[in-house]
Amino acid sequence: MLATASVTHLILRLASFLRGVGALGVLVYALAYIVATLFFLPGSLLTAAAGFAYGPLWGTLLVSPVSVAAATLAFWLGRSVARDWVSRRLAGQPRFGAIDQAIGQRGFFIVLLVRLSPILPFNLLNYALGLTRVRLRDYVPASFAGMLPGTLLYVYLGSLVTSASELLGGVGSRAGTAGQLLYWGGLAATLAATIIITRLANGALRKALDEKPESRPPAEVRP
């Protein structure tokens with residue numbers, strides 16, 4: 001696997017490339033995001049790069065479906081060819097058994113909550129959910145809804161900077177007090193909404209996992 005510094009450098013170069021290349025940039029970004037998701041590379045910086053290149057609206061409209069597609073591909077791999085490898089990776093995750101049991105009762109709801117709550121790293125969670133009994137028809141919309149707040153946050157953060165290098169350091173300087181208030185006010189609102197959603201999801205997830213479902217044989221996994 002590439003060193004973290006090298007990966008970061010590649011992402012910053014990609015962010016600079018995306019500006020002004022039109023549809024080609026969208027395709028390149030989508031491929032890069034899928035590869036990053038499958039190989040456990042940092043997704044938050046890539047998400048911010050879309051905000052830098054395309055702005056908060058178009059960046060979100062790009063990242064959201066691409067991230068769901070990447071997560072769904074990892075889910076399918078975790079349910080098929082990578083099943084044994086994922087099982088070994090989850091051996092030290094005691095909470096995952098409870099998640100699996102809860103998903104057997106309320107698949108959409110639990111997937112939504114674990115997407116909103118940082119109980120497992122995003123890239124590992126994509127594969128891990130492939131081992132559960134959740135159906136694809138529940139996994140996809142629940143992942144879309146659960147990943148959206150984080151996508152909005154990082155895309156917005158990326159849209160605030162003026163050069164790709166600033167993606168690592170924060171928001172660039174803005175001319176005038178009004179501009180500063182607009183950007184920092186929007187950032188504060190986005191952060192507050194994300195924190196509130198995450199805390200509510202954590203509480204609901206703990207409650208759901210503490211419930212003891214009735215003992216029953218494993219359900220058949222269906223798409």
Side-chain angles (χ1 to χ4, degrees), residues 33-34 36-38 40 42-44 46-48 50-51 56 59-80 82-83 86 89-90 93-157 189-214 216 218-223:
Y33 196 103
I34 290 171
T37 299
L38 296 181
F40 291 81
S44 57
L46 261 177
T47 303
T60 300
L61 291 177
L62 171 60
V63 174
S64 185
V66 168
S67 63
V68 172
T72 302
L73 179 57
F75 171 85
W76 176 81
L77 290 172
R79 181 162 283 186
S80 55
R83 189 175 187 89
V86 178
R89 286 293 299 266
L90 292 173
Q93 300 286 345
R95 296 287 278 174
F96 184 71
I99 293 174
D100 188 18
Q101 285 189 322
I103 280 178
Q105 303 295 314
R106 290 176 288 177
F108 177 93
F109 181 65
I110 300 300
V111 172
L112 174 64
L113 291 181
V114 296
R115 285 298 188 190
L116 291 169
S117 174
I119 191 170
L120 286 176
F122 169 75
N123 289 333
L124 178 59
L125 182 62
N126 297 327
Y127 286 97
L129 289 172
L131 302 185
T132 70
R133 294 170 286 182
V134 65
R135 297 185 178 187
L136 186 62
R137 69 189 186 194
D138 292 326
Y139 173 85
V140 172
S143 294
F144 165 77
M147 290 155 55
L148 188 58
T151 296
L152 288 169
L153 172 62
Y154 283 105
V155 169
Y156 184 77
L157 288 172
T190 305
L191 283 170
T194 304
I195 291 170
I196 290 170
I197 290 171
T198 301
R199 294 186 67 178
L200 290 173
N202 281 335
L205 181 60
R206 283 195 299 270
K207 181 179 179 181
L209 296 184
D210 286 340
E211 294 176 359
K212 303 297 183 182
E214 298 178 2
R216 63 184 64 189
E220 180 184 355
V221 175
R222 298 178 181 174

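In what follows, residues are counted from 1 in the order of the sequence shown.
In terms of heavy atoms, S44 sits closest to Y154 at CB-CE2, 3.6 Å. Taking every heavy atom of both residues into account, G146 and L116 meet most closely at O-CD2, 3.3 Å. Nearest heavy-atom pair, A36 versus L46, reported as atom, atom and distance to 0.1 Å: CB-CD1, 3.5 Å. Taking all atoms of both residues into account, the shortest heavy-atom contact from P56 to V155 is O-CG1, 3.5 Å. When all heavy atoms are compared, the tightest approach of R135 to R137 is NH1-NH2, 2.8 Å.
Atom CG of L38 sits about 7.5 Å away from atom CD1 of I34, to the nearest 0.5 Å. Interatomic distance, CG of L112 versus CG of D138, reported as 11.0 Å (0.5 Å rounding). Taking CG of L129 as the start and CD1 of I110 as the end, the distance is 11.0 Å to the nearest 0.5 Å.
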Y156/T60 under side chain to side chain contact (heavy atoms under 4.5 Å, CB included): CA gap, chis, key distance, verdict = CA-CA 8 Å; Y156 184 77; T60 300; over 6 Å; no
ask   = Taking it one step at a time, do L90 and L124 satisfy side chain to side chain contact (heavy atoms under 4.5 Å, CB included)?
value = CA-CA 9 Å; L90 292 173; L124 178 59; 4.2 Å; yes
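By the 4.5 Å heavy-atom criterion applied to side chains, F108 and V134 are not counted as neighbours. In this structure the side chain of R115 reaches within 4.5 angstrom of the side chain of L125, judged on heavy atoms. A heavy-atom distance below 4.5 Å is found between the side chains of T47 and Y33.
Every residue meeting the ring pair (Phe, Tyr, Trp, His ring centres under 6.0 Å) condition with F75, not counting sequence neighbours, appears here in chain and number order: Y139.
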Hey, can you pull the donor-acceptor pairs under 3.5 Å for the side chains in residues 61-73, sequence neighbours left out?
{"residue": "S67", "atom": "OG", "partner": "V63", "partner atom": "O", "Å": "3.0"}
{"residue": "S67", "atom": "OG", "partner": "S64", "partner atom": "O", "Å": "2.8"}
{"residue": "T72", "atom": "OG1", "partner": "V68", "partner atom": "O", "Å": "2.7"}

